[in-house]
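The basis for the numbers below is simple: all heavy atoms, side chains too, and nothing from hydrogens, waters or symmetry mates.
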Amino acid sequence: MKMIMSIFFILSLVSPISFASFQDFCVADLNGPQYPSGYSCKNPDQVTANDFAFSGLAKAGNTSNMIKAAVATGFAPDFAGVNGLGVSVARLDLAEGGVVPIHIHSGASEVLIVIEGTIRAGIISSANKVYLKTLQKGDVMVFPQGLLHFALNGGTGPALAFAAFGSSNPGVQLVPHALFSNDLPSELVEATTFHSHEEIKRIKGVLGGTNLPSLSFY
């Protein structure tokens, strides 16, 4: 009996992950609860063909910004039909000199397909080994889940790529923003990154972080 109860308990924990395994699909109910593994399912009677199609990647993004790049995502919050299926997509536009800063996807691996231009992409392993590759039109590169990686335009014109992920909501965390666009006290950033106080203040000014004094740990 205890074993049966344990099995039911484990199934209750993973059930949000397995919606699509026990039924045809689990289109996201964006008005319902969200679990770590995804959204709850929309009533099948309310699902339409529009839930399985997405036009958010059709147009080039606005690259008139500091990084000269634009990323459009087809994750579950944007593309309800991928919820529960373990897949999602994104579009990357890079103007000349454009860059996607070092970042991670904690929830999925990524496959990048170059459609136009030249992209220099790299991976940094947990052993701090760098894997750098120059990609041309038609080339594909994979970025393992949770590893630091980046991409930049390595040519003289615009570059375009599409990405596929092994999760309907892979998550993203940009390292520069994690350090410099919040209220992490500057003295702690200085101590942990070895940047000067002046440089940290300058970067925080660019990325919108604050320079509040730290709270005492003691």
Indicate the atoms forming the closest heavy-atom contact of Met141 with Lys133, along with that distance.
SD-CB, 4.0 Å
Roughly how far, to the nearest 0.5 Å, is CD1 of Ile104 from NE2 of His149?
9.0 Å
Rounded to the nearest 0.5 Å, what separates atom NE2 in His177 from atom CD1 in Ile203?
11.5 Å
Pairwise side-chain contact, Pro101 with Phe150, heavy-atom cut-off 4.5 Å (strictly under)
no
Is it the case that one hydrophobic cluster holds both Val172 and Phe143, taking links as side-chain heavy atoms less than 4.5 Å apart, direct or via other members?
no
Side chains of Thr63 and Asp93: donor-acceptor distance under 3.5 Å anywhere?
no
Is any side-chain heavy atom of Phe79 less than 4.5 Å from a side-chain heavy atom of Thr73?
no
Please name the pair of heavy atoms, one in Ala28 and one in Tyr39, separated by the smallest distance, quoted to 0.1 Å.
CB-CB, 3.7 Å
Testing the basics here: between Gln23 and Cys41, what is the closest heavy-atom pair and its distance to 0.1 Å?
NE2-SG, 3.7 Å
Distance-only, no hydrogens or angles: does the Asp29 side chain make a donor-acceptor pair with backbone N or O of Pro33 under 3.5 Å?
no
Over 60° means perpendicular and under 30° means parallel, so classify the ring planes of His105 and Phe165, tilted if in between.
perpendicular
Could you see if Phe194 belongs to whatever hydrophobic cluster contains Val189? Use Ile, Leu, Val, Met, Phe, Trp, Tyr and a side-chain cutoff under 4.5 Å.
no
Ile200 and Leu207: same hydrophobic cluster, using ILVMFWY side-chain contacts below 4.5 Å?
yes
Sequence neighbours left out, cut at 3.5 Å: what donor-acceptor pairs do the side chains of residues 113-123 make with other protein atoms?
unit_1	atom_1	unit_2	atom_2	d
Thr118	OG1	Gln136	OE1	2.8

In plain terms, say whether Glu199 and Arg202 are close enough for a salt bridge, that is, a side-chain N and a carboxylate O under 4.0 Å apart.
yes
Using side-chain heavy atoms (C-beta onward) and a distance below 4.5 Å, is Gln34 in contact with Asn169?
yes
Is the side chain of Asn83 donor-acceptor paired with the backbone N or O of Cys26 at a distance under 3.5 Å, no angle test?
yes
Taking C-beta and beyond as the side chain, do Gln173 and His103 meet within less than 4.5 Å on heavy atoms?
no
Side chain to side chain contact (heavy atoms under 4.5 Å, CB included) involving Val142 - partner list, sequence neighbours excluded
Val111
Which atoms form the tightest heavy-atom contact between Ala151 and Leu92, and what is the distance?
CB-CD2, 4.5 Å
Cluster question for you: counting only ILVMFWY and a side-chain heavy-atom cut-off of under 4.5 Å, with indirect links fine, are Leu57 and Val100 together?
no
Check Asn182 against Leu184 and note the closest heavy-atom contact, atom names and distance.
OD1-N, 3.0 Å
Would you say the side-chain atoms of Ser109 pair up with the backbone N or O of Gln145, donor to acceptor, closer than 3.5 Å?
yes
Does the side chain of Lys204 come within less than 4.5 Å of Ser186's, by heavy atoms?
yes
Starting at CG of Leu147, measure out to OH of Tyr131 and round the result to the nearest 0.5 Å.
9.0 Å
Heavy atoms of Phe54 and Asp78 approach each other most closely as CE1-O, 3.4 Å
Does Leu179 share a hydrophobic cluster with Leu148, counting links as ILVMFWY side-chain heavy atoms below 4.5 Å and allowing steps through other members?
yes
